[in-house]
K.L.:
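Sending over a structure as structure tokens; questions will come in a sec.
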Amino acid sequence: MTIILSEILEGKKSVALGGHVRPDGDCVGSSMGLYMYLTENYSELEVDLYLESIPKAFSIIQRTEEVKHEIPEGKQYDLFICLDCGDEQRLGFSAPLFKNAAHTLCIDHHVSNNSFAEINYIKPEASSTSELVFGLLDKEKISKSCAEALYMGIAHDTGVFQYSCTAPETMEAAAELLRKGIDGSEIIDKTYYEKTYVQNQILGRALLESMLILDKKAIVSVVSKKEMEFFEAVSSDLEGIVSQLRLTKGVEVAMFLHEIDTQKYKVSLRSKGAVDVSKVAQYFGGGGHARAAGLTMKGSEHDVINNLAAQITLQMSGKKPEEA
Ligand code: 5GP
Ligand code: MN
């Protein structure tokens, strides 16, 4: 099923856009892309975008200073559009606006998405939400700044056009966006590869302290609250660590634990293909994609690692969780 954006917008006077907590490249790219498209082409429409604070590197995207980080009290929008968000809780602070909205639409590519909106445009086979947004827009009406945002989103969720989710359609979308005259190389360099000194230090620390487990088929690393304080790092500084761990020769799965509170960990999982990490994440209440998923877990570091390792082992041995 596809949807027609102009039909959904018919009769609507106000639209709010929202993405997931700790917004990443695809979340910011897809929501900023759609925000610019709507404000540029539907001048009658009131459009607001709600996101948590955006990593500094993404401010090369135009108009990110217009993003709202707090919700107005009692506000009701005619339509709320969720982007890159697998479930309602993942909306974080903007969830009340979603609940209050007269109509809701979700545009997403997470296999774990539970179709929580009124209209659900979910395509797990798509590389990114940004690619899905691109597909919904009138190509003639995409501006250069909108193209920059969408290109960033696609580049991020494909690991710069490298992950297996990169389809011919993905490259076609990227090509169309490049034709808008954007500097694709600069966007990738400044938002994906460039690291601050602190980011590199903490990456180095995480690699140095990593451990091979499960007969060297998995790798795990942990960054504690104390270390974060020592490096004066924020959670977005940890972006990319788990991808680097995944590159380790011989491992099938990489696990990265970030202690967000005492006995509480934000877990990132990455797979080379043999293990579906979205199933592991969903088993513990999280979600994501087959090769990239995340969740939050409570307990000691060792319990968290052991519990994750047990689910990974089950999949590697071909058993279903019920048979455990
Ligand atoms: P990351 O490890 O980069 O935070 O996330 C990897 C993928 O899993 C992303 O697509 C992200 O949206 C999803 N994800 C991360 N954490 C959670 C979570 O707690 N719940 C759900 N449903 N998805 C998550
Ligand atoms: Mn995404």
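Read the numbers this way: they start at 1 and go in the same order the structure lists the ligands and their atoms. Computation of the quantities below employed the complete heavy-atom set of this structure, encompassing side-chain atoms and omitting hydrogens, waters and symmetry-equivalent molecules. One is the number of the first residue; the rest follow in order along the sequence. Computed from a prediction, not measured in an experiment: that's the story for all the values here.
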K.L.:
Do you know which of Val15, Ile81, Ile3 makes side-chain contact (heavy atoms from CB on, under 4.5 Å) with Ile8?
P.N.:
Ile3
K.L.:
Check for me whether Gln89 has a heavy atom closer than 4.0 Å to any atom of ligand 1.
P.N.:
no
K.L.:
Of all the non-hydrogen atoms in the protein, which one sits nearest to atom 15 (C) of ligand 1, and at what distance?
P.N.:
Gly294 CA, 3.3 Å
K.L.:
Enumerate the atoms of ligand 1 whose separation from the nearest heavy atom of Asp87 is less than 4.0 angstrom.
P.N.:
22 (N)
K.L.:
So does Asp108 have any N/O/S atom less than 2.8 Å away from the Mn ion (ligand 2)?
P.N.:
no
K.L.:
Suppose we only allow N, O or S atoms; which atom of Asp26 ends up nearest to the Mn ion (ligand 2)?
P.N.:
OD2
K.L.:
Between Met316 and Val253, which heavy-atom pair has the shortest distance, and what is it?
P.N.:
CE-CG2, 4.4 Å
K.L.:
Would Ser224 and Glu227 count as having a side-chain donor-acceptor pair, cut-off 3.5 Å?
P.N.:
yes
K.L.:
Considering the heavy atoms of Gly288, write down every atom of ligand 1 situated less than 4.0 Å from one of them.
P.N.:
8 (O), 13 (C)
K.L.:
Report the name of the N/O/S atom of Asp157 located nearest to the Mn ion (ligand 2).
P.N.:
OD2
K.L.:
Using a distance-only test with no angle check, is there a side-chain donor-acceptor pair under 3.5 angstrom linking Glu40 and Ser143?
P.N.:
yes
K.L.:
So if I apply the side-chain contact (heavy atoms from CB on, under 4.5 Å) rule between Ser127 and each of Asp157, Asp26, Thr170, Leu132, which one comes out positive?
P.N.:
Thr170
K.L.:
By the definition ring-ring contact (aromatic ring centres under 6.0 Å, His included), identify the one residue from Tyr151, Tyr163, Tyr192 that meets it with His156.
P.N.:
Tyr192
K.L.:
Please confirm whether Leu295 approaches ligand 1 to less than 4.0 Å, judged on its heavy atoms.
P.N.:
yes
K.L.:
Transitively linked via ILVMFWY side-chain contacts under 4.5 Å: Leu137 with Val47?
P.N.:
yes
K.L.:
Does ligand 1 have any atom sitting under 4.0 Å from a heavy atom of Ala292?
P.N.:
yes
K.L.:
Would you please determine whether Ala293 falls within less than 4.0 Å of ligand 1 on a heavy-atom basis?
P.N.:
yes
K.L.:
On the 0 to 90° scale, with breaks at 30° and 60°, tag the Tyr37-Tyr42 ring pair as parallel, tilted or perpendicular.
P.N.:
tilted
K.L.:
Do the charged groups of Glu229 and Lys226 touch, with an N to O distance under 4.0 Å?
P.N.:
no
K.L.:
Side chains of Tyr50 and Glu70 only: does a donor on one sit below 3.5 Å from an acceptor on the other?
P.N.:
no
K.L.:
What residue and heavy atom of the protein are closest to atom 4 (O) of ligand 1, and at what distance?
P.N.:
Lys266 NZ, 3.1 Å
K.L.:
Among protein heavy atoms, which lies nearest atom 3 (O) of ligand 1, and at what distance?
P.N.:
Arg270 NH2, 2.8 Å
K.L.:
Would you call Asp78-Lys13 a salt bridge at under 4.0 Å N-O?
P.N.:
no
K.L.:
Examine all N, O or S atoms of His156, backbone included, and report whether one is under 2.8 Å from the Mn ion (ligand 2).
P.N.:
no
K.L.:
Starting from atom 21 (C) of ligand 1, find the nearest protein heavy-atom neighbour and note its residue, name and distance.
P.N.:
Gly287 N, 3.2 Å
K.L.:
Which residue holds the protein heavy atom closest to atom 10 (O) of ligand 1, what is that atom called, and what is the gap in Å?
P.N.:
His110 NE2, 2.6 Å
K.L.:
What's the atom name of the N, O or S in Asp84 nearest to the Mn ion (ligand 2)?
P.N.:
OD1
K.L.:
Do Lys279 and Tyr283 form a cation-pi contact, if we require the NZ or CZ to be under 6.0 Å from the six-membered ring centre and within 45 degrees of the ring's axis?
P.N.:
no
K.L.:
At a 4.0 Å threshold, what atoms of ligand 1 neighbour a non-hydrogen atom of His289?
P.N.:
10 (O)
K.L.:
Any idea which atoms of ligand 1 are less than 4.0 Å away from a heavy-atom of Ser268?
P.N.:
1 (P), 2 (O), 4 (O)
K.L.:
Given Met297, His109, Arg90, Arg22, which one has a non-hydrogen atom that is nearest to atom 20 (N) of ligand 1?
P.N.:
Arg90
